[in-house]
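First comes the structure, then the notes that go with it.
Letters A, B, ... mirror the listed sequences (proteins, then strands); counts begin at 1.
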Amino acid sequence: MLWTLAPRAAITTPGQGGPVSHLRGKNMSGDAQARYQPQALEPKWQEAWEKAGCFTARRDPARPKYYVLEMFPYPSGRIHMGHVRNYTMGDVVARYKKAQGFSVLHPMGWDAFGMPAENAAMQEGGHPAEWTHNNIAVMKGQMKPLGLSIDWSREFATCDVEYYGQQQALFLDMLEEGLVYRKNAVVNWDPVDMTVLANEQVIDGKGWRSGAEVERRELTQWFFRISDYSAELLDALDGLEKWPEKVRLMQRNWIGRSRGLQFAFSTIDAPEGFDRIEVYTTRPDTLMGASFVAVSPDHPLAKHLERHDAEVAEFVAECRRVGTTEEALEKAEKKGLDTGIRVRHPFDNAWELPVYIANFILMDYGTGAIFGCPAHDQRDLDFARKYGLPVIDTFIAAEAGAPVGNTAFVPPKTEPVRWTRAFGWPEIATGEEAVEAAIGICESRGIGEGVTKFRLRDWGLSRQRYWGCPIPVVHCDACGVVPEKKENLPVELPRDISFDKPGNPLDRHPTWRNCPCPKCGAPSLRETDTMDTFVDSSWYFARFTAPRATTPTDAAEAEYWMNVDQYIGGIEHAILHLLYSRFFARAMHKTGHLPAKCIEPFDALFTQGMVTHEIYMTRDARGRPVYHLPEEIEDGKVKVTGEAVRVIPSAKMSKSKKNVVDPVNIIEQFGADTARWFVMSDSPPERDVEWTSAGAEATHKHLARVWALSRRIADMPASDSGQGDEALMRAMHRAIDEVTRAIEGFSFNKAIAGLYSFTNTLHRAEDASHAAMQAAARVLAQMMAPMVPHLAEEIWAMQGGEGLVAEAPWPVADKAMLVSDTITLPIQINGKRKAEIAVAADAPKEEVEKTALSADAVIKALGGKAPKKVIVVPGRIVNVVV
RNA sequence: GCCCGAGUGGCGGAAUGGUAGACGCAGGGGAUUCAAAAUCCCCCGCUGGCAACAGCGUGUCGGUUCGAGUCCGACCUCGGGCACCA
């Protein structure tokens, strides 16, 4: 009856480590053998792994490779629970794949350029480099105790000159291949600080520091020709089968392929050079419902009129105050200004339409000009009602269609409708059919042509900031824009700068800017723009395969390690980071830096949820909210003042709301394994997980229980009773099957549920022999190892496991142990469960039906009548319809 | 505004179109203890009922189906993204 012995009885057995103090609950000074002490055992095993070199990635032609990567962190200062969750997920995959026999690459680095370092330098003095390096040191120190299976020998930061120098080499190669060019683009300009602002630095149309009204201003900027790859990036999404469908859909919509008609209206009373206005429309079928033409405030016509007409100048200036984000434009009140210019309808010379400048027309999309058909576009309808323009129906609902009132009639393009103003297709046709017909008819009449356009714009990479990778070009009076010579790379950021004035310190650096022209040698000026930090993160995954190479990549290393087999990160990167990386991989292939197989660099993608926490709020004397850290709260009150707090439901952890839990505190209190287990256990990984102190404590208790169970098993006397062995082994194989499948399916919460169940089974195992218990405990250690590697090592060692569990192969379930002879089937009557029957697993349908019909509840429900229908789903259910 | 998700007990969640609530937390009861902590055992969707049991129940409304948390349509709420936050 060993299994019923309380752990206390087992561990107080003479010779087994002596009695535990029962008087002091959390006393850590007791015998090292007697209780679970993560603070002692975690560093011990981390040292053992390090000594054994377990996690150093090695090219091993004899083994398949596996590259697992978590999106690298921005060195903000401290790690948070989101990091813990992200890196634990990657670690589970890495350790599991290693156990499966793969040669694993699991690197870590730092996305180290970016605005916060400059902001810190401005606010607190110091240098962005110093701030960044300090943060990296602190965060690395916080990550190390987590026991992640990372190959730290490959670590780098994107602000290392060894990294960004190679990025400059890539840039030059891309420039040579025609993948980079310059053009004008609008930025947010703060007229007081005389500086360019990021979108997040613009609050309600004003600069975040100066408070000045932000203006849109045009600057000449560098662009990557990502739009050349629109079609390919779109079509290749179909091949990314191991990506979440939602991410592929978001990218598809972002790239936005559309089929439409491009044609020109001829103008009346327009300034010279504007005798035609080119428009693009995806609804040429509604051309007979056109009632106005609208151009963007950034359209050449608007710019021309602006110079000659005060009213236009004022309107355009107003439009430019709206900001640069699409969101701001879409949310702004739709406004237009009649230019007085008229155009002729292409089908009817006598039909004239007014030309407006409208704030909702984007210059970046299509031609920057549209025609409006109010009957079939809500925004056009609102516009038409506002400015008294005609509303002309071109089609109505096929059945009982009525003319448009205040709601535009916009059915799906696949729905058949009744055409009242068709020009060459049947009266009943779908939008799709009508669009294709309209394009064909217009082409044959010489009015424009059918074109495919994309929403995706070229990627502007210029940033007017210091803390980024310098763009390696030189501006020469004689030669123009000249690329720096490769042998002059890296173009290193100067250290002697200051942030005492707003703007980019590189612009006013006394010596750095001056350099000889790489072509003619004449005194010239360096480009002072640096690169968007998305550039840094668009190829770091490739650099990890050869982080010290003197070229951007190493062919042999890239050939072996690429692609990333599993990429893990936040859903917030679903579009930009992932799309830019996909483009960069293609560009790196074109410039000879990656093999062809790498153009889709991430084989599988997993997007994990956030870690959330309740927010605790009180109000100050003036009624302003005051937030409190979780550790300041006890029983719904602020510990110090006793004031009751308002508990706001779970939200993403953020410093300003103070709903943060510092992983360092959790590790100190409970150990890394508790933090790791908890973030993996409670929620499915793609969903948000709420951190609760109760959950963390419960996790710690559970791990201590497992430890004590292992201790008890290790101390069991050998016995020859083995009556319970078969049942235990069956449970063990079921657990192996369940846990393995859960990990394969990224359902770590279910893997942990399986581990709980198996632990309970092991705990209650009756009549099992010592040998079987030990075998089961060893398998438990193996299965726990990806989540709680330190505790797993300890159990493995206790149970006489050979070597390190980190090096042990993954257990394999014996299929024969998974099947049972009889199964229980639920019986439904009219779809509601009413009874259960036990049948042989391989019983034929007829026999199952017979057994089901003889069940008491069924006989009662039938009341002597024959069932209307009996549905037997073998192995699942029986439904009797009465 | 546009694009993409998510909504299941007091809580986190589980469920190839087939027994809704696995596993865990919190809570309740009991054992052990001088007592507490810790540990162990049992109960635990809601309503009615002493009980057997019955009815209801997966954001809302409607539909498909022998059978819907799951599929379809409309809506509500919350979250992510919207090109210079990373």
Only pairs with both distances under 3.5 Å count, Watson-Crick or wobble alike; so what is the partner of [N] in this structure?
N: A38(B); value: none
N: G18(B); value: C66(B)
N: G57(B); value: none
N: G5(B); value: C78(B)
N: G27(B); value: C43(B)

Regarding [X], tell me which of base, sugar-phosphate or nothing describes its non-hydrogen contacts under 4.0 Å with the strands shown.
X: P244(A); value: nothing
X: L579(A); value: nothing
X: Q201(A); value: nothing
X: G114(A); value: sugar-phosphate
X: S757(A); value: sugar-phosphate
X: D364(A); value: nothing
X: T699(A); value: nothing
X: R379(A); value: nothing
X: F360(A); value: nothing
X: K868(A); value: nothing
X: V870(A); value: nothing
X: W254(A); value: base
X: H573(A); value: base
X: A698(A); value: sugar-phosphate

Legend entry - Most 5' of S681(A) and V247(A) on RNA chain B, judged by nearest nucleotide: V247(A)
Inset, instruction - Using heavy atoms to find the nearest nucleotide of RNA chain B for K834(A) and L249(A) separately, return the residue whose nucleotide is more 5′. - result: L249(A)
Using whole Å, what does the distance between atom [atom2] of nucleotide [N] and atom [atom1] of [X] come to?
X: L755(A); N: A22(B); atom1: CG; atom2: C1'; answer: 14 Å
X: E327(A); N: G1(B); atom1: CD; atom2: P; answer: 10 Å
X: I571(A); N: C3(B); atom1: CD1; atom2: C1'; answer: 12 Å
X: E330(A); N: C3(B); atom1: CD; atom2: P; answer: 10 Å
X: H700(A); N: A38(B); atom1: NE2; atom2: C1'; answer: 13 Å
X: E200(A); N: C82(B); atom1: CD; atom2: C1'; answer: 15 Å
X: N188(A); N: C85(B); atom1: CG; atom2: C1'; answer: 13 Å
X: R252(A); N: C82(B); atom1: CZ; atom2: C1'; answer: 19 Å

Any side-chain N or O of [X] below 4.0 angstrom from OP1/OP2 of [N]?
X: K331(A); N: C2(B); value: no
X: S683(A); N: G13(B); value: yes
X: R455(A); N: C3(B); value: no
X: N760(A); N: G24(B); value: yes
X: R687(A); N: A6(B); value: no
X: N253(A); N: C2(B); value: no

State which of [options] makes the closest approach to the side chain of [X].
X: R465(A); options: G81(B), C84(B), A83(B); value: C84(B)
X: R764(A); options: A83(B), C41(B), U39(B); value: C41(B)
X: F534(A); options: A86(B), C4(B), G18(B); value: A86(B)
X: E572(A); options: C23(B), G81(B), U19(B); value: G81(B)
X: N749(A); options: A86(B), A14(B), C40(B); value: A14(B)

Inset, instruction - List the steps and the verdict of side chain to side chain contact (heavy atoms under 4.5 Å, CB included) for N119(A) and M122(A). - result: CA-CA 5 Å; N119(A) 292 338; M122(A) 277 177 238; 4.2 Å; yes
Inset, instruction - Output, in order, the C-alpha distance, side-chain angles, deciding distance and verdict of side chain to side chain contact (heavy atoms under 4.5 Å, CB included) for M115(A) and R465(A). - result: CA-CA 8 Å; M115(A) 287 201 310; R465(A) 279 184 251 288; 3.6 Å; yes
Are [X] and [Y] near enough that their ring centres are under 6.0 Å apart?
X: W677(A); Y: H702(A); result: yes
X: F541(A); Y: Y567(A); result: no
X: W110(A); Y: F72(A); result: no

Inset, instruction - Drop me the distance from M787(A)'s CE to R676(A)'s CZ, to the nearest 0.5 angstrom. - result: 9.5 Å
Inset, instruction - Test side chain to side chain contact (heavy atoms under 4.5 Å, CB included) on K334(A) and R379(A) and set out the steps. - result: CA-CA 8 Å; K334(A) 309 295 178 282; R379(A) 192 171 55 185; 3.5 Å; yes
Legend entry - Chi-based syn or anti call at G9(B), which uses purine or pyrimidine torsion atoms and a 90° bound: syn
Legend entry - Beyond-backbone contact of P685(A) with F606(A), side-chain heavy atoms, under 4.5 angstrom: yes
Inset, instruction - State whether the distance check finds a donor on one side and an acceptor on the other, under 3.5 Å, for side chain E326(A) versus base C82(B). - result: no
Inset, instruction - May I ask you to decide if the ring planes of F113(A) and Y164(A) are parallel, tilted or perpendicular, using 30° and 60° as cut-offs? - result: tilted
Expressed as a whole number of Å, how far does the [atom1] atom of [N] sit from that of [M]?
N: G5(B); M: C56(B); atom1: P; answer: 34 Å
N: A6(B); M: G69(B); atom1: C1'; answer: 13 Å
N: G45(B); M: U77(B); atom1: P; answer: 32 Å
N: G21(B); M: G7(B); atom1: C1'; answer: 16 Å

Inset, instruction - Could you verify whether a donor N or O on one side chain and an acceptor N or O on the other, from Y540(A) and S581(A), lie under 3.5 Å apart? - result: no
Inset, instruction - Assess the side chains of N184(A) and T220(A): does a donor N or O sit below 3.5 Å from an acceptor N or O? - result: yes
Legend entry - Residue pair K246(A), E686(A): steps toward the salt bridge (Lys or Arg N to Asp or Glu O under 4.0 Å) verdict: CA-CA 12 Å; K246(A) 62 178 170 180; E686(A) 67 277 13; over 6 Å; no
Inset, instruction - Can you check each nucleotide of nucleotides 64-71 of chain B against protein heavy atoms at under 4.0 Å and return B for base, S for sugar-phosphate only, - for none, in 5' to 3' order? - result: --BS----
